[in-house]
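These notes concern the structure reproduced below.
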Amino acid sequence: MRYYVILVLVFLAHTSCKQEEKQDKTITRVDIDTIVQDSLLNVRALEVYGESFGCYATSRGEVGILTENNGVTEHEFLVQHTYDTVIPNFRAISATSEGGFALSIGSPALLFSVAIFNNQIVYKEDHPKVFYDAMEFWNDQEGIAIGDAIDGCLSIIITRDGGKSWAKLPCEALPKATENEGAFAASDTNIAIVGIKTWVATSAGRVYFSPDKGKTWEVFDTPIIKAKDTEGIYSIDFYDELNGFAIGGDYTKPDDNKANKIRTHNGGKTWELVAVNKNPGYRSCVQYIPNSDAKALVVVGFKGIDYSNDFGNTWQHLSDEGFYTIRFLNDSTAYAAGNGRISKLIFRE
């Protein structure tokens with residue numbers, strides 16, 4: 001029980017890292033400190049709150065927390081979730097100041113509260129095609145989760161009561177999906193939120209945009225490679241309301257770098273290819289470095305870690321160490337997770 005109390009108290013204290021003084025530095029290397037190592041561990045759902053707290057969910061239905069104490073990272077395992085005989089494969093995690101939520105892929109889709117509601121299921125969906133990919137909150141009351149298309153539109157569920165209940169948007173309220181359109185549940189970064197604005201990236205290389213916390217939607221095409229089912233946008237991030245970046249490619253051909261990196265400077269209305277035919281190739285997660293004036297980005301994937309300090313025009317390969325997802329605690333420290341481990345990354349000048 002004390003872990004639930006810690007979880008709630010830290011959520012109450014969380015703040016955004018992107019509102020601090022901007023930096024002007026160049027990263028040359030990354031140090032990797034392993035926090036958790038387990039050959040059976042598989043983590044694609046990871047979040048941080050402020051500079052001292054993170055949480056994660058695993059493919060085995062587990063949820064855990066990471067805390068920073070005088071530069072030392074402490075790891076606490078919280079709970080193993082099950083539903084009847086089903087062990088949920090979590091690919092998304094998010095939270096309000098009152099508690100956290102973890103969402104599984106596949107049918108039945110299971111959305112658990114992991115603190116305030118005593119680890120109860122707050123949303124369940126049965127359908128042969130159900131597959132949820134990512135989740136985020138706009139504020140303590142309103143949150144969104146997205147999944148693959150069913151019956152001609154993306155699956156989008158929204159809460160307006162702090163996660164106690166969730167409702168699925170009808171297809172009439174959404175743009176029509178392309179054939180087999182969905183998202184890649186690779187890093188829980190298919191959704192980007194800045195204020196009340198929301199962007200959702202799909203496997204069809206399209207970006208859905210809502211200016212009003214999911215009440216209305218429009219969709220924009222991008223030039224990212226998307227000819228095959230394994231191609232498209234795998235991850236999207238926005239630094240502010242105008243500057244965004246997305247990355248993808250083909251995980252079955254991870255060295256291909258033809259047209260897998262795109263950026264926008266007008267809030268996602270138009271996108272341009274960058275670093276065409278230049279590394280990195282396929283990556284599963286992109287994140288802006290806090291306080292970098294939208295110049296600095298880090299991408300990770302099972303082929304390594306790469307860094308750009310010029311809006312994504314050029315990239316430096318920092319490490320061959322593979323991760324699925326990454327979140328920054330501040331402008332030099334991040335948690336990263338993947339197959340077999342969770343680590344703390346220190347980016348050095």
task: Return yes if some donor-acceptor pair links the side-chain N/O of Asp140 with the main-chain N/O of Ser97 below 3.5 Å, else return no.
output: yes

Check whether Leu329 and Val36 end up in the same hydrophobic cluster, where Ile, Leu, Val, Met, Phe, Trp and Tyr are linked by side-chain heavy atoms less than 4.5 Å apart.
yes

For the residue pair Cys55 and Tyr49, establish whether any side-chain heavy-atom pair is separated by less than 4.5 Å. yes

Between Trp199 and Gly267, is there a donor-acceptor pair closer than 3.5 Å when you use the side chain of the first and the backbone of the second?
yes

In short, Ile224 meets Gly232 closest at the heavy-atom pair CD1-O, 4.0 Å

Validation row, ring centre Phe347 to ring centre Phe328 under 6.0 Å: yes

Take Leu242 and His265 through the test side-chain contact (heavy atoms from CB on, under 4.5 Å) and record every step on the way to the result. CA-CA 5 Å; Leu242 295 177; His265 294 304; 5.8 Å; no

Requested in this report: State whether Glu231 and Lys226 are salt-bridged, where the test is any N-O pair (Lys NZ or Arg NE/NH1/NH2 against Asp/Glu carboxylate O) under 4.0 Å.
Outcome: no

Are the side chain of Asn89 and the backbone N or O of Ile105 linked by a donor-acceptor pair below 3.5 Å? no

Tightest non-hydrogen contact, residues Tyr324 and Ser187, listed as O-CB, 3.3 Å

For Lys124, the salt bridge (charged side-chain N to carboxylate O under 4.0 Å, His left out) test, sequence neighbours excluded, returns Asp126

Note to self: Would you say that Asn313 contacts Lys278 through its side chain, given a criterion of any heavy-atom pair below 4.5 Å between the two side chains?
What the structure shows: no

### Query
Between the main-chain N or O of Glu349 and the side-chain N or O of Thr28, is there a donor-acceptor pair closer than 3.5 Å?
yes

Just by distance, do the side chain of Ser210 and the backbone of Thr216 share a donor-acceptor pair under 3.5 Å? yes

### Task
Say whether Lys344 and Thr333, considering side chains only, have a donor N or O and an acceptor N or O under 3.5 Å apart.
no

### Message
Is the shortest side-chain heavy-atom distance between Lys197 and Phe238 below 4.5 Å?
### Response
no

Is it the case that atom NZ in Lys176 sees more than 12 heavy atoms from other parts of the structure closer than 6.0 Å?
no

Between the CG atom in Asn309 and the CD atom in Gln316, the distance rounded to the nearest 0.5 Å is 9.5 Å

Q: Is it possible for you to say whether Phe209 and Ile156 belong to one hydrophobic cluster, with membership spreading through side-chain heavy-atom contacts below 4.5 Å?
A: no

Practice task
Decide yes or no on side-chain contact (heavy atoms from CB on, under 4.5 Å) for Asn139 and Lys213, but give the supporting numbers first.
Solution key: CA-CA 10 Å; Asn139 53 51; Lys213 293 185 291 187; 3.9 Å; yes

dist Asp33:CG -> Tyr335:OH (nearest 0.5 Å) comes out at 10.0 Å

- Query: Would Trp271 and Val200 show up in the same hydrophobic cluster when neighbours are defined by side-chain heavy atoms closer than 4.5 Å?
  - Reply: no

Between Ile305 and His317, the two heavy atoms sitting closest are O-ND1, 3.5 Å

message = Counting neighbours of CG on Asp229 that are heavy atoms of other residues, nucleotides or ligands and sit closer than 6.0 Å, is the number greater than 12?
response = no

Exercise. Apply ring-ring contact (aromatic ring centres under 6.0 Å, His included) to Phe137 and Phe101, showing your working.
Key: CA-CA 10 Å; Phe137 275 79; Phe101 300 86; 5.4 Å; yes

CD1 (Ile146) and OH (Tyr208) are apart, to the nearest 0.5 Å, by 9.5 Å

- If only atom types and distance count, is the side chain of Ser113 paired as donor or acceptor with the main-chain N or O of Gln120 below 3.5 Å? yes

Determine whether a donor-acceptor pair (N or O, by modelled atom type, separation under 3.5 Å) exists between the side chain of Tyr239 and the backbone of Asp293. yes

Contacts of Tyr282 meeting ring-ring contact (aromatic ring centres under 6.0 Å, His included) (sequence neighbours excluded), chain-then-number -> Tyr234, Phe302

CD of Gln141 to OG1 of Thr96, rounded to nearest 0.5 Å, is 7.5 Å

Pair Asn257-Arg283, side-chain donor/acceptor within less than 3.5 Å:
no

Discussion item. Does any part of the side chain of Trp315, heavy atoms only, come nearer than 4.5 Å to the side chain of Leu297, both counted from C-beta?
Written reply: yes

Rounded to the nearest 0.5 angstrom, the CG-CG distance for Asp256 and Asp250 is 6.5 Å

Trace of the side-chain contact (heavy atoms from CB on, under 4.5 Å) decision for Val63 with Phe90
CA-CA 9 Å; Val63 173; Phe90 289 135; 4.2 Å; yes

Indicate yes or no: at least one non-hydrogen side-chain atom of Val114 is less than 4.5 angstrom from one of His81. yes

In terms of heavy-atom contacts, Tyr288 and Asp237 come closest through N-OD2, 2.8 Å

Could you check whether Phe112 and Tyr83 have their ring centres less than 6.0 Å apart?
no

Is a side-chain N or O of Thr159 found less than 3.5 angstrom from the main chain of Ser165, in a donor-acceptor match?
-> yes

- Do we see a donor-acceptor contact under 3.5 Å between the side chains of Thr189 and Ser235? yes

Hydrogens and angles aside, do Glu125 and Tyr123 bring a side-chain donor and acceptor to less than 3.5 Å of each other? yes

#### Entry: Short N-O contact, Lys129 and Asp148, less than 4.0 angstrom
no

What one should report as the nearest heavy-atom pair of Pro175 and Val219 is CB-CG1, 3.9 Å

Side chain proximity check, Arg60 to Leu41, heavy atoms < 4.5 angstrom: yes

- Look only at the side chain of Ser203 and the backbone of Gly182, and say whether a donor-acceptor pair between them is shorter than 3.5 Å. yes

Query raised in the report: Is any side-chain heavy atom of Gln80 less than 4.5 Å from a side-chain heavy atom of Ile87?
Result: yes

- Any link between Tyr251 and Phe131 through a network of hydrophobic side chains (Ile, Leu, Val, Met, Phe, Trp, Tyr) touching at under 4.5 Å? no

For Thr34, the side chain to side chain donor-acceptor pair (under 3.5 Å) test, sequence neighbours excluded, returns none

Task: Beyond-backbone contact of Val72 with Asn70, side-chain heavy atoms, under 4.5 angstrom - done: no

* Asked: So, Asp84 side chain and Val86 main chain: donor-acceptor pair closer than 3.5 Å or not?
  -> no

Note to self: Starting from Leu154, can I reach Tyr132 by hopping between I/L/V/M/F/W/Y residues whose side chains sit under 4.5 Å apart?
What the structure shows: no

Worksheet item: Between the side chains of Ser308 and Asp306, does any donor sit under 3.5 Å from an acceptor?
Response: no

Smallest heavy-atom separation, Asn277 atom then Lys258 atom, equals OD1-CA, 3.4 Å

Output for pair (Ile225 CD1, Ile233 CD1), nearest 0.5 Å, gives 12.5 Å

